[in-house]
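Note sheet for the following structure.
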Amino acid sequence: MAIAVVCLLSLVVCCGLAYWQWERFSEAGGTWQNLGYVFQWPLFGLFPAFMVWRMRRLAARRDAGDAAPGPAPAAPERVITERVVTVDAVRTPAHDDEDDELAAYNRYLRELHARDQR
């Protein structure tokens, strides 16, 4: 009962806000954004009722599934193929201004790039 009251209260408040936005749109300084809110507020008001309906529907479906356990459907056979990619190591000398760690990282990036290009 409390949920129904909250849903109804939400709808009433949001419809009131939609009416307020309609009044703002009707004034001389009203913008199209106000008109957008006129349509948006009632949807916000209906959202709690939709969520209650959705949660009850999912709970009923879950309870129906628990009550009548039947044979599990056979899973289709999966054919797993493993794709093996071999990459030749890219050997490049480190420049004088690079340290060894940076050079190793750059080689690693070049290997990844070469692997993606294949």
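Excluded from the calculations below are hydrogen atoms, water molecules and symmetry mates; all remaining heavy atoms, backbone and side chain alike, are included. Being a predicted model, the structure only gives us computed values, none of them experimental.
- Smallest separation of non-hydrogen atoms from V38 and P42: O-CD, 3.0 Å.
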Practice task
Give the intermediate values and the outcome of side chain to side chain contact (heavy atoms under 4.5 Å, CB included) for residues R110 and R107.
Solution key: CA-CA 5 Å; R110 280 190 290 275; R107 279 193 303 272; 3.5 Å; yes
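- In this structure, a donor-acceptor pair under 3.5 Å is present between the side chains of Y37 and Q33.
- Atom-to-atom distance recorded for L46:CG and S10:OG is 8.0 Å, nearest 0.5 angstrom.
- Two different hydrophobic clusters hold L58 and V52 under the rule that ILVMFWY side chains link at heavy-atom gaps under 4.5 Å.
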Practice task
Just do the side-chain hydrogen bond (donor to acceptor under 3.5 Å, both in side chains) check on Y19 and E23 with the steps written out, would you?
Solution key: CA-CA 6 Å; Y19 177 75; E23 292 296 318; 3.1 Å; yes
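- Ring pair W22/F25: centre-to-centre distance below 6.0 Å.
- To the nearest 0.5 Å, atom CZ of residue F50 and atom CZ of residue R57 are 8.5 Å apart.
- Contact detail for C14 and W41: the closest heavy-atom pair is CB-O, 3.1 Å.
- Expressed to the nearest 0.5 Å, how far CZ of F47 lies from SG of C7 amounts to 11.0 Å.
- Rounded to the nearest 0.5 angstrom, H113 NE2 and N106 CG are separated by 13.0 Å.
- Dense packing is recorded around CD of Q117, with more than 12 heavy atoms of other residues, nucleotides or ligands lying under 6.0 Å away.
- Within the model, atoms CD1 of I3 and CG of L8 stand 13.5 Å from one another, a figure rounded to the nearest 0.5 Å.
- Pairing each heavy atom of P48 with each of G45, the nearest pair is CD-O, 3.4 Å.
- Residues L112 and R115 form a side-chain contact, since some pair of their non-hydrogen atoms from C-beta on lies under 4.5 Å apart.
- Note: the hydrophobic cluster containing L11 does not contain M51 (ILVMFWY, side chain heavy atoms under 4.5 Å, direct or indirect links).
- One hydrophobic cluster, built from ILVMFWY side chains closer than 4.5 Å, holds both V13 and F44.
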